[in-house]
Every structure is written in C-alpha cells, then in structure tokens.
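To start, the structure under review is shown below, and the notes come after it.
Below, read A as the first sequence line, B as the second, and so on, with proteins coming before strands; counting in each chain starts at 1.
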There are 2 protein chains.
Amino acid sequence: MRATVIHGPNDIRIEEVPDPVVRRPTDAVVRVVNACICGSDLWAYRGVAAREAGQRIGHEFLGIVEEVGSEVTGFTRGDFVVAPFVWSDGTCDFCREGLHTSCPEGGFWGEVGSDGGQGEAVRVPFADGTLVKLPREAAGEEKLLPGLLALSDVMSTGHHAAVAAKVRPGATVAVVGDGAVGLCGVLAAQRLGAGRIIALGRHEQRTAIARRFGATDVVAERGEAAIEAVKELTGGRGAHAVLEAVGTEESIRTAISIARDGGTVGYVGVPHGGSAGVDIAQMFNRNVALAGGVAPARAYIPELLPDVLSGAIDPGLVFDRTVGLAGVPDGYRAMHDRSALKVRIAF
Amino acid sequence: MRATVIHGPNDIRIEEVPDPVVRRPTDAVVRVVNACICGSDLWAYRGVAAREAGQRIGHEFLGIVEEVGSEVTGFTRGDFVVAPFVWSDGTCDFCREGLHTSCPEGGFWGEVGSDGGQGEAVRVPFADGTLVKLPREAAGEEKLLPGLLALSDVMSTGHHAAVAAKVRPGATVAVVGDGAVGLCGVLAAQRLGAGRIIALGRHEQRTAIARRFGATDVVAERGEAAIEAVKELTGGRGAHAVLEAVGTEESIRTAISIARDGGTVGYVGVPHGGSAGVDIAQMFNRNVALAGGVAPARAYIPELLPDVLSGAIDPGLVFDRTVGLAGVPDGYRAMHDRSALKVRIAF
C-alpha cells in the first residue's frame with residue numbers, strides 16, 4: 001500500500017510500504033477513508049520535533065474495518081470507525097477513568113514501529129479499546145465526513161480545552177489561537193453554553209469561522225495589546241475560562257493574563273516554549289489555574305458524535321482544502337505557509 | 001497601644017503606636033486576644049520580601065470588638081471575632097463568589113497605612129465583610145483559642161490547597177511541606193475523606209503532628225529521592241491530589257512530579273522561585289493541573305468553624321510556643337532558626 005513517510009525537515013514523501021496485517025489478536029486493520037494533516041504534524045515537518053528518517057506520520061483518520069483479530073469483539077469487517085489520535089487498551093484504570101492518553105499500553109500513530117494515519121490502511125492495536133463505531137450509512141455521506149474526521153483530534157482537543165477551563169453556561173470565554181484547535185475550542189465553548197466568546201486571532205478567514213462557531217468578539221491584537229483588548233471587553237476583569245490552543249511562551253502568558261481572577265486556563269497547545277510563559281506569581285495572587293494537556297479524545301468522541309451526526313455542530317468547517325494521497329506533500333506546504341488552515345486527505 | 005513593627009531584615013521591634021480608631025463608618029476596632037507569626041512573615045524578616053522601615057506586621061488574629069462604625073450592622077461591642085488574613089468588602093462580585101482575596105477594596109494586614117495583627121488592637125476596614133463572629137463564651141476557653149486562631153490563615157490555607165487539588169473521599173493525597181500550612185493541609189485532606197495521605201517532611205516533631213492529623217505515610221527524602229519514594233508508595237502512579245505548601249522551585253517541581261496522571265497540584269506556598277519548577281511539558285503529557293493561590297480564608301471560615309468548635313479538628317496543634325507581645329522578636333528568631341514551628345501571641 002501507499003503511505004505518507006517523513007524523511008526529515010520539509011521532506012514528506014508518499015511511498016510504497018508493507019500492507020498492514022493483524023499481528024496480535026486484539027488488532028484490527030482499517031482501510032482509511034479520510035485522514036488529515038494536523039498543526040502538530042508541522043512541528044515534525046519543520047524539524048522542531050525530532051523524527052527518524054522513514055517514520056510514518058498522521059494521527060487522525062476514519063475508515064472501514066477490513067480485518068479483525070480473534071479477540072476483537074466490538075468490531076467486524078465492514079464497520080465504519082473513527083480513531084482517536086492515540087490508541088489505548090480500554091481496560092486499564094486510566095482508560096476506565098477516561099484518561100486514555102495515559103494508558104500504559106497506549107501509543108501515538110506514526111511512532112516508530114506503528115502505522116501513521118496518512119496512509120491507505122492502518123494496523124490498529126487494541127481495536128476494542130481504541131476505535132469508535134460510526135453509523136455505517138454515514139460513510140456514504142460526503143458532507144458528514146469532515147465533521148466526523150474532526151473528532152479524531154481537533155474537535156476533541158478543543159472540547160478538552162473547554163472542559164479543562166471549566167466552561168459553564170453563561171461564562172465569558174476567551175480562546176487564544178485561531179488554528180483548527182482554537183476554532184474547535186470556540187465551537188466547544190458555544191456547545192457548552194458560554195455566554196460570550198472572545199476569539200483571539202488575526203487571520204480573517206479563520207476568525208470568520210470563529211464567528212460561525214459562536215465567537216461574539218474577535219481580538220486581532222497580540223501580546224500586551226491583546227491583553228488590554230480583552231480586559232477592555234470584560235470590564236477590566238478578564239474571562240472566566242481561557243482556552244489556550246497555541247503552546248508558545250507568548251500565548252501561555254497571554255492566556256494567563258486574560259483570565260479573570262479565580263478563572264482557569266485550559267491549555268491544549270503542545271508546549272514549545274518551556275515554562276517561561278507561566279507567570280506563577282500572577283497565577284497565585286489571582287487564583288488562576290492551569291489545566292489541560294493532551295486530550296483523551298477517546299473519552300470525548302461518544303459524547304460529541306451525536307451532535308456531529310445531527311448537525312448541531314459542524315467542526316468539519318475547519319477543513320479548507322481536500323487532497324488525495326499524492327497531494328499530501330503539497331498539503332504540508334500549504335499549511336506551513338498558512339495558505340491552508342487544515343487539509344483533509346480523501347482516499 | 002503597643003504593636004510589632006518591622007524596621008528591616010532581622011529587626012522586629014515592639015513599639016508604642018497610635019491607638020486605632022474608627023475612621024470610616026464601615027470600620028471596627030478589635031482588641032486582639034490572640035495573634036501569631038506566620039511562615040510568610042519570615043520572608044519579610046529575612047529581607048526577601050521588601051517592607052518599608054516602620055511598617056506593621058502580622059495578619060492573623062482574633063479578638064473582641066471594641067468599637068464599630070455607624071454603618072456596621074453585623075457586629076457590636078463585645079463580640080468575639082476572628083479575622084481572615086485579608087480584609088474585603090463582602091459585597092463585590094468576587095466576595096459574593098467566595099474569592100474575597102480578589103476584592104478590589106481588599107487589603108492585607110500590615111500593608112502601608114494599615115494595622116498589623118501582631119499588636120494590641122487593629123482597625124478593621126469593612127468589618128461586616130471581613131470579620132467572622134465566634135461564640136462569645138469561646139473567648140474564655142483557652143484550649144479552643146489556638147484552633148480558632150488557625151482559621152485566620154493556616155487552616156484555611158491548608159483547606160484551600162486541598163479544595164484546589166480536588167481531594168475527594170478515598171483519594172491518595174501527598175502534601176509537600178511540613179510547615180504549619182502543610183500540616184493543616186494534611187488535616188484538611190483527612191477532613192475531606194482522603195483514603196491515604198503521604199506527608200513529605202523531615203522534621204520529626206512536625207511529621208509527628210502530620211500523623212496526628214491523619215498522615216498515613218511520611219517521606220523524609222527531598223528532590224528526586226522524594227519523587228521516587230512517593231512513586232514507590234503508590235505503585236508507580238503518584239497521588240491524585242498534591243498539596244504544595246512551600247513555594248520554592250524545588251517544591252513545585254516535586255509536587256508536579258508526584259501527581260498521578262490527571263491529578264491536580266493545589267499550591268498555596270507563596271511562590272519564591274519563579275516558574276522554573278513548573279515543568280509544563282510533563283504537565284501536558286500527563287494532564288496534571290496546577291490550581292490554588294492565595295486562600296480566600298473568609299469564604300472557608302464559616303465551613304471550618306463548627307468542626308473546630310466541636311473538636312472534630314484541632315489545627316491549633318501547629319502552635320508549639322506561646323509568647324506575650326514582648327516575646328515576639330524572640331518568636332521570629334525561633335521560627336527563623338526552626339526551633340519553633342509556629343508561635344502564638346497571647347495578649
């Protein structure tokens with residue numbers, strides 16, 4: 001089969017690789033229908049996150065079950081499924097508590113020795129613990145696929161930020177970052193009943209999506225000017241809940257600074273700036289909490305899925321380009337130079 | 001009257017100062033019965049926290065109302081009261097939400113222009129919003145006074161750490177720091193139903209109190225060795241809730257490292273080491289949250305008071321020395337050289 005392989009910075013190739021097979025009785029093989037490129041893949045693309053030459057890449061996909069191991073009980077050939085961005089055994093304490101990302105048996109698609117999501121098929125470890133079944137007829141509804149695909153990571157991650165930040169009905173929420181996760185954070189906050197949603201971002205196409213997702217205000221400034229703007233919008237107080245979806249030192253500093261006293265920053269941007277943005281003295285004096293981390297998407301998909309199927313939310317709007325597998329290297333370039341927000345791969 | 005005044009590092013004096021009077025109609029004047037010296041006062045004593053020469057000091061006290069302003073409705077001359085370590089107006093949004101420490105009208109005893117708690121009497125701004133009434137007969141029960149005095153700060157602060165860290169019935173809790181706040185954190189965790197409480201500390205007199213307060217395990221190691229010890233006690237997992245009651249870079253690093261994945265560090269130690277101890281990448285990967293800050297004692301005293309009055313908890317055990325006002329400079333020295341844990345001042 002063919003799959004996306006990373007050989008080094010700026011070196012993404014489509015190559016012939018061995019077909020995946022069931023190796024352990026808990027495995028399944030999934031034929032990929034849709035995958036996508038994540039903002040976090042760009043850290044590898046840019047050489048900031050280390051990868052071995054020849055490693056697979058991509059961690060978001062949905063598809064059709066092609067084969068299952070002898071111990072898989074929840075799925076059968078032909079099932080339509082979505083995969084969260086990590087696999088997990090589904091039986092350990094952490095999985096049962098809903099923190100699947102801490103499963104000791106878990107792993108990340110594309111890590112050495114595993115398949116990546118940006119390929120024609122994927123061997124899925126612990127299929128029963130990992131995959132979530134979708135209605136079979138949805139596989140044929142082209143309009144639904146982007147939204148279902150978004151459950152794999154960006155929508156679940158935006159929701160994690162909102163949950164971690166304790167978004168409550170009527171709350172004033174601020175979202176730092178207008179990437180796909182930030183936009184999904186806006187949507188998640190709206191879904192949880194936020195009374196006001198301030199989106200921080202300066203790319204007009206993106207903030208237009210933020211408004212469709214429920215943002216009531218957009219702040220285009222950055223740094224100190226952004227902090228001032230949010231304070232002005234909130235009577236000097238800041239937001240009850242702040243969703244941080246970037247992960248840089250500056251974005252974390254901004255997020256903490258625009259939180260209302262007693263508020264919480266839900267952070268889901270992979271931290272790339274160390275802790276220098278964490279002003280702990282400010283947090284202490286104002287009782288601002290910092291919560292979040294890598295999102296246990298597996299725990300959230302069952303809750304979010306009905307709203308995607310019903311059309312109550314459409315996180316698929318974050319995809320603004322669709323390519324075939326051959327177009328994936330172009331897709332990376334487009335996201336790198338920001339001419340695309342998020343690229344979907346249709347097989 | 002006489003009061004404690006700080007003139008510089010290691011220079012604590014007892015001096016004659018003007019008698020406090022009602023200046024605003026919302027003021028009260030309280031004749032102090034008991035006060036005490038706080039670990040955080042030592043930061044000023046050591047010159048680490050700046051003070052103007054001649055500033056008052058002390059922020060924990062209980063006493064008898066001597067005079068009230070014309071707008072004070074909740075108190076009258078002769079009432080027995082305890083003061084939380086900040087004053088607050090009791091009417092703003094933050095006070096109504098229970099975050100009295102963020103009251104815009106609030107302030108800290110001993111700040112420039114205000115009275116400190118370590119004096120014969122105190123002018124109390126916003127008496128209705130600040131003070132909490134105690135049973136009048138309790139003023140005569142010498143055995144009760146230390147526990148009631150502890151509500152002013154250390155017990156409320158330990159409780160804040162436990163609440164921020166989300167201590168739940170049955171939870172495994174770790175407490176970093178064996179000062180008076182850490183010990184009260186143990187007591188608060190026990191009161192909230194923790195199943196196991198691991199106290200980190202190496203002063204035997206203090207860890208003996210921790211055991212009386214409910215600690216099931218004591219870890220005397222520090223740094224990496226402490227992290228290993230807690231991991232070993234918890235099957236490699238760490239604690240659901242970690243209470244951080246020191247505030248140094250090392251203690252915050254330890255607290256984050258010994259939290260179980262998905263757990264929360266409730267931090268109440270005044271941060272003195274910047275954010276270098278906050279390992280945000282570790283927090284992210286393991287979904288460890290950081291919450292807490294300066295404790296809104298005013299919000300907690302009504303909840304904790306009945307348990308002190310009934311004897312269900314006795315946080316007063318953290319006091320291991322009692323002095324008169326003339327003995328306060330000696331009390332600072334004793335706490336500084338760790339020959340005393342916490343010094344009570346009886347007038």
Side-chain angles (χ1 to χ4, degrees), chain A residues 86 92-94 97-104 106 108 160 163-166 235-238 240 244 247-249 252-253 256 259-296 299, chain B residues 86 92-94 97-104 106 108 160 163-166 235-238 240 244 247-249 252-253 256 259-296 299:
Chain A
V86 299
C92 72
D93 288 349
F94 288 113
E97 290 167 18
L99 193 65
H100 300 75
T101 45
S102 288
C103 173
F108 191 78
H160 187 51
V163 170
K166 299 182 183 164
R237 293 268 169 98
H240 297 101
E244 197 290 313
T248 62
E249 180 183 324
I252 292 175
R253 178 174 295 119
I256 291 170
R260 186 177 190 274
D261 288 21
T264 302
V265 174
Y267 76 113
V268 293
V270 183
H272 280 89
S275 64
V278 181
D279 182 346
I280 197 167
Q282 187 193 160
M283 290 172 65
F284 182 87
N285 289 330
R286 304 203 292 108
N287 272 274
V288 172
L290 185 62
V294 57
Chain B
V86 300
C92 71
D93 288 350
F94 288 113
E97 291 167 19
L99 193 65
H100 300 74
T101 46
S102 288
C103 173
F108 191 79
H160 186 51
V163 169
K166 300 181 184 168
R237 293 267 169 99
H240 297 102
E244 197 290 312
T248 62
E249 181 184 324
I252 292 175
R253 178 174 294 117
I256 290 170
R260 188 177 189 273
D261 288 20
T264 302
V265 174
Y267 76 112
V268 294
V270 183
H272 280 88
S275 65
V278 181
D279 181 347
I280 197 166
Q282 188 194 161
M283 288 172 65
F284 182 86
N285 289 329
R286 305 202 293 110
N287 272 274
V288 172
L290 186 61
V294 58

*Atom OG in B:Ser275, atom CZ in A:Arg253: separation rounded to 0.5 Å?*
8.5 Å
*Which pair of heavy atoms, one from B:Leu99 and one from A:Arg286, lies closest together, and at what distance?*
CD2-O, 4.4 Å
_Would you compute the distance between atom CZ of B:Phe94 and atom CZ of A:Arg260 and round it to the nearest 0.5 angstrom?_
4.0 Å
*Which atoms of B:His160 come close to chain A, meaning under 4.5 Å heavy atom to heavy atom: side chain ones, backbone ones, both, or neither?*
side chain
_Any side-chain to backbone donor/acceptor pair from B:Asn287 onto A:Ala295? Under 3.5 Å, distance only._
no
*Output the option from A:Val270, A:Ile252, A:Val265, A:Val288 having the highest count of non-hydrogen pairs under 4.5 Å with chain B.*
A:Val270
_I need the minimum non-hydrogen distance between A:Phe284 and B:Gly269, along with the two atoms involved._
CE1-O, 3.6 Å
*Where is the tightest heavy-atom contact between A:Ile280 and B:Pro271, given as atom of each residue plus distance?*
CG2-CB, 3.8 Å
*Point-to-point distance, once rounded to the nearest 0.5 Å, from CZ of B:Arg237 to OG of A:Ser102*: 9.5 Å
*Return the option, out of A:Ala164, A:Ala291, A:Gly292, A:Gly274, with the maximum number of heavy-atom pairs under 4.5 Å with chain B.*
A:Gly292
*Under the side-chain contact (heavy atoms from CB on, under 4.5 Å) criterion, do B:Met283 and A:Val278 qualify, and how do the steps go?*
CA-CA 12 Å; B:Met283 288 172 65; A:Val278 181; over 6 Å; no
*asked:* Between A:Asp261 and chain B, with a heavy-atom cut-off of 4.5 Å, which part of the residue counts as in contact: side chain, backbone, both or neither?
replied: both
_Tell me whether A:Asn285 contacts the main-chain N or O of B:Gly293 through its side chain, where contact means a donor paired with an acceptor under 3.5 Å._
no
